[in-house]
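Taking it in order: structure first as structure tokens, then the write-up.
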Amino acid sequence: MCGFDKETGPGWLMKKGFTLILVGHINFILGAIVHGSILRHISKPNDQITTEFTAANIISVTSGLLSIATGIIAILVSRNLPVWKLHIGLLISSFLNALLSAACGVGLLLAISLTITNEGRGLMMGCNFTDQPINARSPVNADCPFDNTRIYDTALSLWFPCVLLAGLETGLSIWCFVVGLVLRGLGPCSHAYLKEQLEEEALTNRAAADPEYSPPGQSLIG
């Protein structure tokens, strides 16, 4: 990250951007599957809300969308290094995505731990019980709007990959954030000369596009 330069840096940034887009799409799809196959049955059973599951899933889906946006901005920055507005966009989006992805991972770990500890009782809240609530691992059949024999394994098999993807999103977002700092000449990894080169290149490009443009500190001689 601290070794970012104009020669090899844009290529690496573009690769990280494509990876973020891919990971974001997968995370979004997994979150949608979790909602469609599990959470839609238990989100509001008997006016009760399973907060830990619903919140974790919403954060997961939102994190996937923000990862896609961050990846797109990273690709744009890699193709337009002198544009400082894109640097700011990369800093903001990567910072927010790093926080959201970290929160997503923590929320999913909490949902997984609660599910394993309670043996899936929270996943059975949408069922009608005659005696007392049963867990998702119980062989007793319950009146459920879904297949209660597989909901426990399905939830865990989807949540574990989501946790790994959230960790990957966090790492990539931190990398992009540090690159944004480098491009703006900020932080411990800053390189003032790189920022000066980019600013000079931006002024040169603007002058080439607009012959009447006069760089700051200079005056037109007529």
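Residues take their numbers from the sequence shown, with the count starting at 1. Values below: every heavy atom of this structure, side chains too, minus hydrogens, waters and symmetry copies.
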**Asked** Is there a path from Leu65 to Leu99 through hydrophobic residues (I, L, V, M, F, W, Y) whose side chains come within less than 4.5 Å of each other?
**Response** no
**Value rounded to 0.5 Å, distance of OG1 in Thr70 from CG in Leu172** = 10.0 Å
**Message:** Rounded to the nearest 0.5 Å, what separates atom CD1 in Ile116 from atom CG in Leu156?
**Reply:** 5.5 Å
**Asked** Is Ile33 reachable from Ile112 through a run of I, L, V, M, F, W or Y residues, each pair having side-chain heavy atoms under 4.5 Å apart?
**Response** yes
**Complete:** In this structure, CZ of Phe28 is separated from CG of Leu66 (nearest 0.5 Å) by 13.0 Å
**Complete:** Between Met14 and Ser78, the two heavy atoms sitting closest are CE-OG, 3.5 Å
**Prompt:** How many angstroms lie between CD1 in Ile59 and SG in Cys104, if you round to the nearest 0.5 Å?
**Reply:** 7.0 Å
**Prompt:** Given the rule that I, L, V, M, F, W and Y join up when any side-chain heavy atoms are under 4.5 Å apart, are Val61 and Val106 in one cluster?
**Reply:** no
**Message:** Contact between Leu90 and Leu86 at the side-chain level, heavy atoms closer than 4.5 Å - yes or no?
**Reply:** no
**Message:** Measuring from atom CG of Leu20 to atom SG of Cys176, what distance do you get when rounded to the nearest 0.5 angstrom?
**Reply:** 5.0 Å
**Message:** Any side-chain to backbone donor/acceptor pair from Thr117 onto Ser113? Under 3.5 Å, distance only.
**Reply:** yes
**Request:** Starting at CD1 of Ile26, measure out to OG of Ser67 and round the result to the nearest 0.5 Å.
**Result:** 11.0 Å
**Request:** Decide yes or no for Leu13 and Trp175: does some side-chain heavy atom of the first lie under 4.5 Å from some side-chain heavy atom of the second?
**Result:** yes
**Request:** State, with a plain yes or no, whether a side-chain heavy atom of Pro10 is found less than 4.5 Å away from one of Arg79.
**Result:** no
**Message:** Counting C-beta onward and ignoring hydrogens, is there a side-chain heavy-atom pair between Leu91 and Leu183 closer than 4.5 Å?
**Reply:** no
**Item:** Atom of Gly105, atom of Val163 and distance for their closest heavy-atom approach
**Value:** O-CG2, 4.5 Å
**Item:** Contact summary for Thr62 and Leu100, nearest pair of heavy atoms
**Value:** CG2-CD2, 3.6 Å
**Request:** Check whether any side-chain heavy atom of Phe160 lies under 4.5 Å from a side-chain heavy atom of Leu164, and answer yes or no.
**Result:** no
**Prompt:** Is the backbone N or O of Leu81 less than 3.5 Å from a side-chain atom of His87, with the two atoms forming a donor-acceptor pair by type?
**Reply:** yes
**Complete:** Smallest heavy-atom separation, Ser63 atom then Asn27 atom, equals OG-ND2, 4.4 Å
**Message:** So which atom in Ile174 and which in Ala98 form the shortest heavy-atom distance, rounded to 0.1 Å?
**Reply:** CG1-CB, 4.1 Å
**Request:** Determine the minimum heavy-atom distance between Leu158 and Pro161, stating which atoms define it.
**Result:** O-CD, 3.3 Å
**Side-chain donor or acceptor of Ser173 paired with backbone N/O of Thr170 under 3.5 Å** = no
**Asked** Under a 4.5 Å cut-off applied to non-hydrogen side-chain atoms, are Leu30 and Trp159 in contact?
**Response** no
